[in-house]
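Taking it in order: structure first as structure tokens, then the write-up.
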Amino acid sequence: MRFTAKTATLLASSIPATLGLYVQELSNVKWTLSSEALNRTVPGYLPSQAHLDLLKAGVIGEPYHGLNDFNQRWIAESNWTYTSDTITGLKKGVESTWLVFDGLDTFTTVQFCGEHIASTDNQFRQYSFDVSQALKNCKGDPVLSINFGSAPNIVNAIAKDPKSAVWPEGVQMTYEYPNRWFMRKESSDFGWDWGPAFAPAGPWKPAYIVQLEKAKGVYVLNTDLDLYRKGQINHLPADQSQPWVVNASIDFLGTLPHDSSMSIEFRDFETGEVLTSRALNNVTVSGNSITGTTVLDGVSPKLWWPLGLGDQNLYNVTVTVTGGQKQTLAQVTKRTGFRTIFLNQRNITEAQLAQGIAPGANWHFEVNGHEFYAKGSNLIPPDVFWPRATEDKMARLFDAVVAGNQNMLRVWSSGAYLHDFIYDLADERGILLWSEFQFSDALYPVDDVFLDNVAAEILYNVRRVNHHPSLALWAGGNEIESLMLPIVKSKAPEQYEKYVGEYEKLYVSLILPLVYENTRSITYSPSSTTEGYLDIDLSDPVPMKERYHNLTAGSYYGDTDFYNYDSSVSFNSHVYPVGRFANEFGYHSMPSLQTWQQAVEPKDLHFNSSTVMLRNHHYPAGGTFTDNYHNTSLGMGEMTIAVQRYYPIPDKLDTVANFSAWCHATQLFQADMYKSEIQFYRRGSGMPERQLGSLYWQLEDIWQAPSWAGIEYGGRWKVLHYVARDIYQPVIASPFWNYTTGDLELYVTSDLWESTTGKVNLTWLDLSGRPIPNNAGTPGSVPFSVGALNTTKIYGTSIGNLTLSDPKDAVLILSLSGEGYLPNSDEKTTFTHKNHFTSVWPKDLSLVDPKLEISYNAQSKKFTVEAKSGVSLYTWLDYPAGVVGYFDENAFVLLPGQKKEIGFEVQEDNTDGKWVREVTVQSLWNQTIEN
């Protein structure tokens, strides 16, 4: 099945089919945008943001072009007003009229019929305002006006207020605009080390006028649908033998009679067959929420599984609220799935110790009672301007996630809470979403006003997305415990306990109970990276006692977050952290020439041009804006030195070709480093640390610039995403080389749930493709048997023991073939994997021109690549601008005489198919030649 926008509209609709309810979408009203900074009006839209409407009106150029990150700062530093045309078609004689905003970014003053209605200060909340009296007082036709204040200016003013919180010097981190911790707005709008600081403003989500007749119906604002096993609680594993429980809660506008009843119906999403239909029990109306529950005794739904672990079985669930006369007062349909998802942070058991697992505590996910290996990456905002993150664009991105063999994305905080349609995409494709509340790399206020604002934000978003089976976790924020508290300890040790207390006040005492009160099915962790907890007592004012630094030598706790920009140790696995789970790690690289050309003038297409350098925000400008050359030169230098250490240095005569080759070289380093680290973490599944997850930083780009991404802005795959797809296959063969001692070990790693057997062929060749005599002293093949979710060493030797006449002219080809069962499958599957190893760095190899040839078969729609002479390392197929998609395979080894057929998945084509004529192929050899 494939998700469609039409289906999304049907399932996400919160407008019940009841009499006495009238809803007008404000996107259908004409709008204007104005500002004193502009001195005129232009057409406005809803949903939208000021930058987008100015672009559409021709006032500004594309914000992402050139140095507009700096040149268009005047927009963020100005106030902007959205004004509607007169709003017609409103009903007279109704009981109440409401304005409903699903998202306002961020500081606003709302006027209706010339009256001040409200002010808002949270991008992440849904707002509803009763404008009944204002409408009655209205002279003439009503007009709606929304003034958006400058977020940079407003938070600066808040920071200067003597009553505002103050933190120790040197603790808070400014990327470009300061004081982001005072706002409930996307923090990365103020800059990050991978993105610009446009700080947009506007009505970024839909808005409505809702009118209600008395006692005839209500308007559904939000729905909390919780599916869990009987007796389940967030921090404990569910008993899979227990029946499912449904807790349904609806937030509404209007009035419900106290004798209202609720019923629920589940239908199979594919077949439409009714699974069950029944009344809900214990129905209560509290304030503007109605809640009911039922135990689904005797019901056996098909379970929802993440990608690679089973099918994504989904159900449409309809909740109906009925009045005393059996009239329908509200009805809402959502799409959901039955699954339990649990983050296990419990102590290592005696049984686990007996299996060879090191003492300490677990830190891994379990779905439907099964532990599994989480393979994936970190999702950042796909665009600075969220209205540009369309369903089609996000569907293409999630298709790339599926093609990349990833089953989990960490939805990083300091972006925005994802739209419902994005969770729908994840539900349908089997991608688990580790989701975070929007706090990142900062200390935040803990005064009552701030906490009340946060509480409303948490409540709305937990309830809004709780029905999605893809929702895997709620984390309090990003790197608060693992980064911010240690910074406080180093900068202001005498105040450390105070800020630990403030951390617990926000993330433990406030947020944890809000999560637990609104979902039984999702685990909560106060920070993205932690050492786990010592105890949970929900009756305690601080209900979770964090472990912090209460560690025992020889024991493992928690998840790891690791960056090291000293490229001299990038391939030294001894510097990688040993833990239970890796949720962030990486190194930056350049995007491709084609992606640079989307945003940069031809004259600027060289590695250290001013424009290229200033678009690199690693290291962040720190509030200095355009004076960023010192910081950016450090980041550019890290990429340059990494290439020089390990790969052939491009030196082409054509400057654009040389720029392209350098960009590609940084991607080779990035991909190889991630491959090395992912192999290490995956091998940890069979080591004492019992490591069960690796989520690299980061999945995709927010714009065209150097970053840690594997997918460039626009959808083009870097080398990284191809290599990650390969190394995330279910069963892999991996070489581990200790280049300081010369030791070489070969492992087979499997994330299947049953044992797998097979063999790995070992073939030593010189770079012309000729077999090395006696196979360099290694066996030709090695059998393996690897246990469930485990790893096994299949061979070990020392490079000094190999009979290599010239290590610079030798490559070991690993070819795995095995048989086993995919999870939840009764059919035996053949698994294959290829890898390679060289005992010198790529720059030191005696490369041979492989004389690559490429052809295209229009009938099969496949390319054929052949190496006529020599081993082709890092064989790379490239395609021109105008098309978006990905090859079946890329960045592979091709042996002389070997022909490989490769397809291309077209996601978008603006060339009418002409792109196929411009596909090229190259290898590492091409990095060494001048032309």
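Note that the structure is predicted; figures quoted are calculated from it, not measured.
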Point to revise | Pair Tyr507 and Phe439, ring centroids less than 6.0 Å apart | key: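 Ring centroids of Tyr507 and Phe439 are less than 6.0 Å from each other.
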Review point. Would His235 and Tyr516 count as a close aromatic pair, with their ring centres under 6.0 Å?
Key: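 Under 6.0 Å, so yes.
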Taking only Lys NZ, Arg NE, NH1 and NH2, and the carboxylate oxygens of Asp or Glu, determine whether [X] and [Y] approach each other closer than 4.0 Å.
| X | Y | value |
| --- | --- | --- |
| Asp311 | Lys302 | no |
| Glu371 | Arg690 | yes |
| Glu95 | Lys216 | no |
| Asp239 | Lys230 | no |

Looking only at side-chain N and O atoms, does [Y] offer a donor or acceptor that is under 3.5 Å from a partner on [X]?
| X | Y | answer |
| --- | --- | --- |
| Tyr728 | Ser694 | yes |
| Glu546 | Thr530 | no |
| Thr293 | Asn281 | no |
| Tyr219 | Gln211 | no |
| Asn478 | Arg410 | yes |
| Gln691 | Tyr556 | no |

Practice item. Let me see the working for Lys828 and Tyr821 under side chain to side chain contact (heavy atoms under 4.5 Å, CB included), right down to the final yes or no. Key: CA-CA 5 Å; Lys828 185 169 283 190; Tyr821 293 91; 3.6 Å; yes
For [Y], is there any backbone N or O sitting under 3.5 Å from a side-chain donor or acceptor partner on [X]?
| X | Y | answer |
| --- | --- | --- |
| Trp305 | Asn368 | no |
| Asp297 | Pro243 | no |
| Ser440 | Ser414 | no |
| Ser435 | Val411 | no |
| Asn407 | Lys375 | yes |
| Thr322 | Thr328 | no |
| Arg184 | Phe124 | no |
| Glu213 | Gly20 | no |

Exercise for review: Give the intermediate values and the outcome of side-chain hydrogen bond (donor to acceptor under 3.5 Å, both in side chains) for residues Gln240 and Thr340.
Suggested key: CA-CA 8 Å; Gln240 302 297 321; Thr340 63; 3.0 Å; yes
Practice item. Any chance you could lay out the side chain to side chain contact (heavy atoms under 4.5 Å, CB included) test for Val317 and His467, step after step, and finish with the verdict? Key: CA-CA 10 Å; Val317 54; His467 64 280; 6.0 Å; no
**Study point:** Candidate pair Val454 and Leu510, rule side chain to side chain contact (heavy atoms under 4.5 Å, CB included), full reasoning
**Key:** CA-CA 9 Å; Val454 167; Leu510 176 73; 3.9 Å; yes
Practice item. Quick one: pull up CG in Asn461 and CG in Asn222 and give me the separation to the nearest 0.5 Å. Key: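 Separation between the atoms: 8.5 Å.
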Check your understanding: Knowing that exactly one of Phe269, Tyr315, Tyr228 qualifies, which makes a ring-ring contact (aromatic ring centres under 6.0 Å, His included) with Phe338?
Key ->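 Going through Phe269, Tyr315, Tyr228 one by one, the ring-ring contact (aromatic ring centres under 6.0 Å, His included) with Phe338 is satisfied by Tyr315 alone.
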Check your understanding: Aromatic rings Phe365 and Phe581: how do their planes relate, parallel, tilted or perpendicular, breaks at 30° and 60°?
Key ->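 If you compare the ring of Phe365 with that of Phe581, the planes turn out perpendicular.
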Check your understanding: According to the interplanar angle, ranging from 0 to 90°, do the rings of His419 and Phe421 count as parallel (below 30°), tilted (30 to 60°) or perpendicular (above 60°)?
Key ->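 The rings of His419 and Phe421 sit tilted, inter-plane angle from 30° to 60°.
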Exercise for review: Might you confirm whether atom NZ of Lys545 has over 12 heavy atoms from other residues, nucleotides or ligands at distances under 6.0 Å?
Suggested key: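 Open.
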